[in-house]
2 protein chains.
Amino acid sequence: MPSPLLLEEYCQFFRLLSEPARLQLICQLRAGPMDVAALIEATGFSQSHISRQLGQLQRAGLVSCERDGVRTIWSAEGALVDELCSLVQTRLKRRLENQLAQLQSA
Amino acid sequence: MPSPLLLEEYCQFFRLLSEPARLQLICQLRAGPMDVAALIEATGFSQSHISRQLGQLQRAGLVSCERDGVRTIWSAEGALVDELCSLVQTRLKRRLENQLAQLQSA
DNA sequence: CGGAGGTATGACCGTAGCCGCATAAAGGCG
DNA sequence: CGCCTTTATGCGGCTACGGTCATACCTCCG
């Protein structure tokens, strides 16, 4: 079993992904770098909220930014989140398949 | 990019892992089936709290229980959480290594 | 059946954190 | 230098959820 400290680190990481706003931002940026205006347009959240969430993700190293004059271009490199989501998706899918089989056999 | 509904599912899943109490329960159970008394002893949480958290994890299919008379033996099958934690750990490790390199080159 | 051990649930409190509003800070342009 | 655009931050409301206490529910045993 992981040490309590490491466990806490895991939790903080998973917490970042546990909020639709943040995960959506990451997924958007995985498609390619975007500026904040585009993220507002894509997600519908307020500018201040997006700024905060990006700040959290940046501190965790999940996104990075590059200033282009007055605008800030954000991007998300690394396939970690993709891999995590893929694993979870497989799990969710298998779970639904099992439930379906249960219903059909009944 | 994943559909909003799927994204929400991901978030709910990650939320389960974002709480030390729950992740600790899973990790404990990954070492082998245990009864509730042992989980109380191992985690220090109250019985009612543990019962609630196990309920959430069970609904998500992350743990399962088997009644042995009056006692309930809980277990966590499937290496999904192990894999997720392993991926995150690798990420955390690499991030620290990079920060260390930054400091040493400065 | 009555009581004891073990588990789930209702009620409640406290806090963390999401979210927007308003505003300050930072950077470009006439 | 003033002004505008873009981003970051202080403030506050609101809700969700972690955590506990008390209690109801279940299962076995005398």
Side-chain angles (χ1 to χ4, degrees), chain A residues 4-5 7-29 33-76 81, chain B residues 4-5 7-29 33-76 81:
Chain A
L5 266 70
L7 214 132
E8 185 84 23
E9 293 282 333
Y10 291 161
C11 286
Q12 289 189 14
F13 191 92
F14 288 131
R15 196 186 66 78
L16 289 176
L17 306 182
S18 72
E19 200 63 29
R22 280 190 294 264
L23 192 54
Q24 196 178 350
L25 286 175
I26 296 176
C27 291
Q28 283 286 348
L29 292 177
M34 300 176 69
D35 67 345
V36 179
L39 290 172
I40 293 176
E41 169 71 21
T43 65
F45 287 105
S46 72
Q47 178 268 323
S48 65
H49 191 52
I50 290 181
S51 176
R52 279 181 212 282
Q53 305 312 319
L54 287 175
Q56 289 193 43
L57 296 175
Q58 185 184 30
R59 278 190 291 278
L62 286 174
V63 303
S64 59
C65 67
E66 176 189 4
R67 300 205 66 124
D68 171 29
V70 64
R71 292 190 178 173
T72 306
I73 307 298
W74 292 84
S75 55
V81 176
Chain B
L5 266 69
L7 214 133
E8 185 84 23
E9 293 282 332
Y10 291 160
C11 286
Q12 290 189 13
F13 191 92
F14 288 131
R15 194 186 67 78
L16 290 176
L17 307 182
S18 73
E19 202 63 25
R22 280 190 294 263
L23 191 55
Q24 196 177 350
L25 287 175
I26 296 176
C27 291
Q28 283 286 349
L29 292 177
M34 301 176 69
D35 68 345
V36 178
L39 290 173
I40 292 177
E41 169 71 20
T43 65
F45 287 105
S46 69
Q47 178 267 323
S48 65
H49 191 51
I50 291 181
S51 177
R52 280 182 211 279
Q53 305 313 320
L54 286 175
Q56 290 192 44
L57 295 175
Q58 185 184 32
R59 276 190 293 277
L62 286 175
V63 303
S64 59
C65 66
E66 176 189 4
R67 301 204 65 124
D68 171 29
V70 64
R71 293 190 178 176
T72 306
I73 308 296
W74 292 83
S75 54
V81 176

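The structure presented is a predicted model; accordingly, all values stated were derived computationally and were not measured. Note on naming: letters A, B, ... go to the chains in the order of the sequence lines (proteins, then strands), and numbering restarts at 1 for each one.
Listed pair B:R15 / C:dG17 fails the phosphate criterion, with no side-chain N or O lying under 4.0 Å from OP1 or OP2. Look at B:Q53 and you won't find any side-chain N or O under 4.0 angstrom from OP1 or OP2 of D:dG19. Under 4.0 angstrom from either OP1 or OP2 of D:dC28 there lies no side-chain N or O belonging to B:R71.
The CG atom of A:L57 sits 10 Å away from the P atom of C:dC18 (whole-angstrom rounding). Rounding to whole angstrom units, CD1 of residue A:I50 and C1' of D:dT9 are separated by 16 Å. Counting to the nearest Å, the P atom of D:dT6 and the CH2 atom of A:W74 are 16 Å from each other. Following rounding to the nearest Å, B:L39 (CG) and C:dG6 (C1') show an atom-to-atom distance of 13 Å. The nearest whole Å value for the distance from the CD atom in B:E19 to the P atom in C:dT15 is 16 Å. Residue A:F45 contributes atom CZ, which lies 13 Å from atom P of C:dC21 at whole-angstrom precision. Whole-Å rounding puts the A:L16 CG to C:dG17 P distance at 11 Å. Spacing between atom CD of B:Q12 and atom P of D:dA16 amounts to 13 Å, rounded to whole angstrom units.
If you check every strand for non-hydrogen atoms under 4.0 Å, A:Q58 touches nothing. Looking at heavy-atom distances under 4.0 Å, B:S51 makes contact with a base. Note on A:V36: only backbone sugar-phosphate atoms sit closer than 4.0 angstrom, heavy atoms only; bases stay farther off.
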Could you go through nucleotides 21-25 of chain D and list every protein N or O atom that sits under 3.5 Å from one of its N or O atoms, giving the distance for each pair?
residue: D:dC21; atom: N4; partner: B:S48; partner atom: OG; Å: 3.1

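For the atom pair CD1 (A:I26) and CG (B:L7), the distance works out to 9.5 Å, reported to the nearest 0.5 Å. Atom CD of B:E8 is separated from atom CZ of B:F13 by 15.0 Å, given to the nearest 0.5 angstrom.
Looking at A:S51, its side chain never comes within 3.5 Å of a backbone N or O of A:S48 through a donor-acceptor pair. Side-chain atoms of B:R22 come within 3.5 Å of backbone N or O of B:R15 as a donor-acceptor pair.
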Tell me, with the steps shown, if B:S75 and B:E66 meet side-chain contact (heavy atoms from CB on, under 4.5 Å).
CA-CA 8 Å; B:S75 54; B:E66 176 189 4; over 6 Å; no

Quick one: do B:L23 and B:V81 satisfy side-chain contact (heavy atoms from CB on, under 4.5 Å)? Show the steps, please.
CA-CA 9 Å; B:L23 191 55; B:V81 176; 4.0 Å; yes

Pair B:L54, B:C65 - check side-chain contact (heavy atoms from CB on, under 4.5 Å), show working. CA-CA 9 Å; B:L54 286 175; B:C65 66; over 6 Å; no

Symbol by symbol from the 5' end, with Watson-Crick or G-U pairs under 3.5 Å, [ ] crossing and | another strand, DNA chain C is ||||||||||||||||||||||||||||||

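Checking each of B:R52, B:Q53, B:Q47 against B:H49 for a side chain to side chain donor-acceptor pair (under 3.5 Å) leaves exactly one that passes, namely B:Q53.
Toward the 5′ end of DNA chain C lies the nearest nucleotide of A:A21, the other residue of the pair A:R67 and A:A21 mapping further downstream.
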